[in-house]
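Please read all numbers here as calculations on a predicted model, not as lab measurements. For this chain, numbers begin at 1 and follow the sequence in order.
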Amino acid sequence: MADPGSVCQICLFHVQQRKLKQLIPEQFLRLPAGTGKRTETTVKTLLVSNERIPDRFPSPQLSKPGDSIHLKQADNMAREAAYIKLLSGINELDFRGSSIPSDLVLTGDHAFPLAMNPRGQVLMAASSYGKGHLVVMGHESYLTTFPALVKNILAWLKPPEESTVGIHQACKTVADHLCPDLQATVGEFHKDMRVYVTDAYSIGPKAKELVNFLKEGGGLLVAGQAWNWAQQHPKQSALKGFPGNKVCGVAGIYFSEHKGELGVFPVPKQIPSSWLAVSIGKDFKGDLEELLEGLSEFDVQGGSIPSEILVHGPLAFPIATTDDARAFFAGAYYGQGRVIVGSHEGFLGRQQLTQFLINALHWLDEGRKGHVGIHPNLNASYSLLSQSGLPCEKTDFKQGLSVFVCTSYSDENCAKIQEFVAEGGGLLIAGHAWYWAQTHGDRKVLTDYPGNHILNKMGLSILAGTVGSGLYKTPQPDKASSEAYHFRRMLNCFARHVTHGKPLKQHEQQCLKRLGHDCSNYLNMQAHDCPSYNSILSMLTDMVKQAGVPKVGSKSPVQNPKDHLLLHVGTQLYKVSPNPDELVPYIIQKNPRLPVVSNVKVCIDGNTGGMEEWKSTGLYLSPGMRTYISFPSQIVGKGWVVQVGCQTDNIGHSDNLKRAPVVHERFPINSEMVLVSNLWGGLLYLVAPQKSNAGDLEIVVQWAVKAPFYRFGKTTVEEWVGGLRDAPSPWAELEFENIILTMKSKMIRNLDQPDELASLWNEFMRAVADLAAIPSKFSRKERLVADVQISHGKYPFLLLPVCRFMHAGYPIMIHSQTAPELVNVNQIRKGGLWGPIHELGHNQQRSVWEFPPHTTECTCNLWSIYVHEQVLKIPRHKAHEAIIPAKRKERLQEYVKDGKDLNCWSVWTALETYMQLQEEFGWEAFKKVFAAYHNIQNVPNDRDGKMNLYAETFSKIVCKNLAPFFKAWGWPITANVEQNLAALPEWSNHPMAQYV
């Protein structure tokens, strides 16, 4: 007989040979972080350790799969190689002297600094555009001040087969400093040149030619300063008007009107970066004055739900925001052009926004009075914008336009539109991303949403979060340019606060929560091929290392905005950092090394019903611990994911945090070997897509920690008491027939009779199914997770001095303090378990017989009453104090006294209606009604229509005319329904008859 491990060994050998070695370079292989001392343990039942092949899984020092870091390394390496070549042989740059340079502003994905002073000002930079390359110096004198650097630059710009360099007449002295093997031609630019040197002032007449020259593969060296020009042209923007910016700006390098500080600066071995450079590159007061002329408010009331816009570029700015600084209109400069983005396409044709949209169109046109192309689908926008006085036409994107207007739902012409704007065009684009996020599973809005493919490079991104409709005041241009929230300005202020102790102003302190939210979103772009992104990534990493992340827990909640931000940012940094291991000690204060098992085989049922389903593995990963998981080929690329962590609520909106906002992580299974980890650790799950028929599966986990995992029907009491309940994981699971309970392991360490608990919960769930008229075996087991803090769910049915929290869903979430009640059989049988059954009732509610908001917190209580009465034999008046007879009578009389207003018919008052029906017709009537609704088609969508259908359905089930009863409760019963029920005997002695 073959060795039990031999088949697995052979399978994994092939996986390793064919897959793993292709993905992971040998120099990155090492032991996994956070695993502690390695152990080999035989795991009973499903968890089988294979000791024959203990080292078959390598662990790289790269980031987690799904990160795009290593996929974009080539671009970063090319930039670093260019930087090294450009600064070869140069150890320092002496900027002392009379020449005062301009501070250069860098944008886009390709521009990177060559020289930066301690203030973070960029004095020299390089970039690319199209097929060509560009180097910019902050003063024209540097062409001769730094001859060695100029030689390096020309050698980098010059194609290998070329030897002639074109030099503008104003820079002819450069020719004297060139190497003998480089020939120079002094004169005007012509298109046959391959490299050209010019000052920034002489570009004007040749700007378009030089842009085309770059695009086709030319090399360009430009030097100059714009501060003097700005002083001579006080009413013009240097960003747009300075001659050098008409070419260099296309490649993401702008001469600013700010003077650069001088000194002798060493040359770093890598591309220089500084958090001081994280600032906005322009005062947008003039732009806002033009855009907001004639406006006092933005009316975005109504049914259109806009997304939120992340304004993150150095030349991007918010235009219209909510009271808490969330943008729904924003603008930006990109290259030589401009862009305005709105976060709902309906805004483009909204009459209440006419003045703003016309202002925006003229701002984008920049006085050219050119043609405006409007996408053919935007009929309302065409009618509105035609009032602008500019010639408008319906058209797809094409050359020759001055402004193009479109939605953000397509990236078909992404590169062409970016080039169009970079070379001077205007773009007005709008659309929301929240629906796209809801319908595209685990894909990331920031990187995958079509509109963001266009906008991210421009410093703007549309988010999945929504903005409430409303009437919002226009910002004051003076304050908007100095005090209003701006991501980069606020990030700069916070960095100064953390690293240099600079106090924050009051309005800045109020923006910290907003900043944390934006930092998290920005980092989630994972634009590792963009120097600007890497600069902010580096800055935030240094900030977290210096300030640390505050300890968080039930006894040490994070309350102040600064700590809230650091906790939020620290979590997101770990996900995107090239070296996540180095961050763990700064974020996780106590990370005990738990014993691990290796090469664990786990059997999974790969079949699901009509809903996504978590599949437990009985394993846990410690905080920061990374492990490889091997999967069978039949689920690769089929929508399966790995989830680390059971606490899936996002609590980022809370002011007081008892844990990090998001503590779970998901990884798509797109290959037969996947590397997973989670900063905060967590139980390990496979998440199966709906309607999967993958059958029995076997996965192999490289490293993990065993969790206490009881499985009804498979785990014996002896196995549980004999060691399984003492497994080292801090989280445990109890899986019964139709529900899985997840809680801290300390809650179950002393559970001696899991079989008795299982029997009780099995009875509960059969009763839940019985009342709902569904099969006794659920198509997907319910889950209930106890957490220290959850997103929402304060339920009003517990009349207790201390509010307790739960909410329905998958999983049902409860407060961890409530967890002991779930596993105490004696206490449950004696006192009941109202809350969790209430949440299970929520999960059985169906919109066809629900009348929200009236019955949202009402009909779910039918299950609480039924389970208590049928399973626990606890009568309703003892199950919950709110339904003792005296309180029922008091509520009913109050409802009648107030005129039986349906606006007051909710929760306990509404439940009285259903209890009266049950007390007359029994539970069987409800079961038959729920069963009937399984087959009823064409249910009305409106409340009144659904109420009439319910009254008619219930009447026919019990063979009684209940129309008078429901009318006595104030239900809007129609004459048509009364006529349909007239043949049935009337329930004349109903409890409400005395109040008619």
Side-chain angles (χ1 to χ4, degrees), residues 438 608-613 690-691 738-739 764-784 792-793 795-797 806-813 834-867 870 902 905-918 921-958 962 966 969 971-973 977:
Q438 292 176 2
T608 61
M611 294 175 285
E612 176 184 276
E613 185 173 346
Q690 61 181 1
K691 297 181 180 179
N738 284 313
I739 192 168
F764 283 167
M765 298 309 294
R766 291 189 202 113
V768 169
D770 185 38
L771 180 58
I774 60 175
S776 59
K777 180 175 173 57
F778 283 38
S779 60
R780 177 182 70 176
K781 294 183 181 184
E782 296 278 17
R783 282 186 175 271
L784 198 153
H792 61 280
Y795 52 81
F797 50 80
M806 297 184 183
H807 73 73
Y810 184 80
I812 293 169
M813 298 297 300
W834 184 277
I837 307 301
H838 170 100
E839 301 303 338
L840 288 166
H842 269 306
N843 283 359
Q844 293 304 321
Q845 288 175 318
R846 299 295 179 263
S847 63
V848 288
W849 46 261
E850 274 295 294
F851 322 125
H854 310 285
T855 57
T856 302
E857 293 297 334
C858 159
T859 52
C860 52
N861 288 324
L862 293 172
W863 275 265
S864 291
I865 296 174
Y866 184 76
V867 168
Q870 300 300 309
L902 272 185
W905 186 75
S906 62
V907 195
W908 301 112
T909 302
L911 183 64
E912 182 66 27
T913 304
Y914 294 92
M915 285 194 292
Q916 289 178 356
L917 288 169
Q918 189 279 326
F921 301 107
W923 288 114
E924 288 302 315
F926 278 89
K927 296 175 188 178
K928 291 178 180 179
V929 169
F930 292 144
Y933 268 97
H934 293 330
N935 300 311
I936 295 178
Q937 303 293 322
N938 302 318
V939 176
N941 292 323
D942 63 296
R943 183 203 67 179
D944 291 3
K946 289 198 294 183
M947 294 181 92
N948 276 276
L949 177 61
Y950 188 87
E952 187 170 356
T953 301
F954 211 114
S955 295
K956 291 178 178 179
I957 290 294
V958 299
L962 304 182
F966 286 112
W969 269 102
W971 284 33
I973 303 301
V977 168

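- To the nearest 0.5 Å, atoms CG (Leu917) and CH2 (Trp969) are separated by 9.5 Å.
- Between Tyr866 and Trp923, the angle of the ring planes goes over 60°, which puts this pair in the perpendicular group of the 30/60° scheme.
- One distance of note links CD of Glu839 with CD of Glu782; it measures 10.5 Å at 0.5 Å rounding.
- Listed for the Glu857 side chain is no donor-acceptor partner under 3.5 Å among the backbone atoms of Ser906.
- With a 4.5 Å cut-off on side-chain heavy atoms, Asn861 and Trp834 count as touching.
- Contact between Ser864 and His838 at its shortest, heavy atoms only, is OG-N, 3.1 Å.
- The shortest heavy-atom contact between Asn843 and Ala808 is OD1-CB, 3.3 Å.
- Residues Phe966 and Ala951 approach most closely at CD1-CB, 3.5 Å, considering heavy atoms.
- The backbone N or O of Glu850 sits nowhere less than 3.5 Å from a side-chain atom of Thr855 that would complete a donor-acceptor pair.
- Taking NE2 of His842 as the start and OG1 of Thr859 as the end, the distance is 8.0 Å to the nearest 0.5 Å.
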message: Show, in sequence, the C-alpha distance, side-chain angles and deciding distance for Thr913 and Trp905, and conclude whether the side-chain hydrogen bond (donor to acceptor under 3.5 Å, both in side chains) test is met.
response: CA-CA 9 Å; Thr913 304; Trp905 186 75; 2.9 Å; yes

message: I'd like to know whether Ile865 forms a side chain to side chain contact (heavy atoms under 4.5 Å, CB included) with Leu911, so could you lay out the CA-CA distance, the side-chain angles of the two residues, the decisive distance to 0.1 Å, and finally the verdict.
response: CA-CA 11 Å; Ile865 296 174; Leu911 183 64; 4.2 Å; yes

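- Ring geometry, Phe954 versus Phe926: the interplanar angle exceeds 60°, so the pair is classed perpendicular (tilted spans 30 to 60°).
- No donor-acceptor pair closer than 3.5 Å links the side chain of Asn738 to the backbone N or O of Lys781.
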- request: Before giving the answer on side chain to side chain contact (heavy atoms under 4.5 Å, CB included), spell out for Phe851 and Lys946 the whole-Å C-alpha distance, their side-chain angles and the decisive distance to 0.1 Å.
  value: CA-CA 7 Å; Phe851 322 125; Lys946 289 198 294 183; 3.8 Å; yes

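- At least one side-chain heavy atom of Pro940 sits less than 4.5 Å from a side-chain heavy atom of Leu949.
- Taking every heavy atom of both residues into account, Ala769 and Pro775 meet most closely at CB-O, 3.6 Å.
- Of the possible donor and acceptor atoms, one in the side chain of His934 sits under 3.5 Å from a partner among the backbone N and O of Ala773.
- Summarising the geometry, atom CG belonging to Leu862 is positioned 6.5 Å from atom CG belonging to Leu771; distances are rounded to the nearest 0.5 Å.
- His854 places a side-chain N or O within 3.5 Å of a backbone atom of Leu902 that can act as its donor or acceptor partner.
- Using bins of under 30°, 30° to 60° and over 60° for the plane-to-plane angle, the ring pair Tyr914/Tyr950 lands in the perpendicular bin.
- Side-chain contact check for Val977 versus Ser955: every heavy-atom pair is 4.5 Å or farther apart.
- The environment of Asn941 atom CG is sparse: at most 12 non-hydrogen atoms of other residues, nucleotides or ligands sit within 6.0 angstrom.
- Ala925 and Ile957 get closest at one heavy-atom pair: O-CG2, 3.9 Å.
- Taken from CH2 in Trp863 to CG in Asp770, the straight-line distance is 11.0 Å, to the nearest 0.5 Å.
- Interatomic distance, Leu840 CG to Met765 CE, rounded to the nearest 0.5 Å: 5.0 Å.
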Thr953 vs Ile936, side chain to side chain contact (heavy atoms under 4.5 Å, CB included): CA-CA, chis, key distance, verdict: CA-CA 10 Å; Thr953 301; Ile936 295 178; 4.0 Å; yes

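- Listed for the Arg780 side chain is no donor-acceptor partner under 3.5 Å among the backbone atoms of Phe778.
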Leu784/Tyr810 under side chain to side chain contact (heavy atoms under 4.5 Å, CB included): CA gap, chis, key distance, verdict: CA-CA 8 Å; Leu784 198 153; Tyr810 184 80; over 6 Å; no

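- Here the closest heavy-atom approach between residue Ser779 and residue Glu613 is recorded as O-OE1, 4.2 Å.
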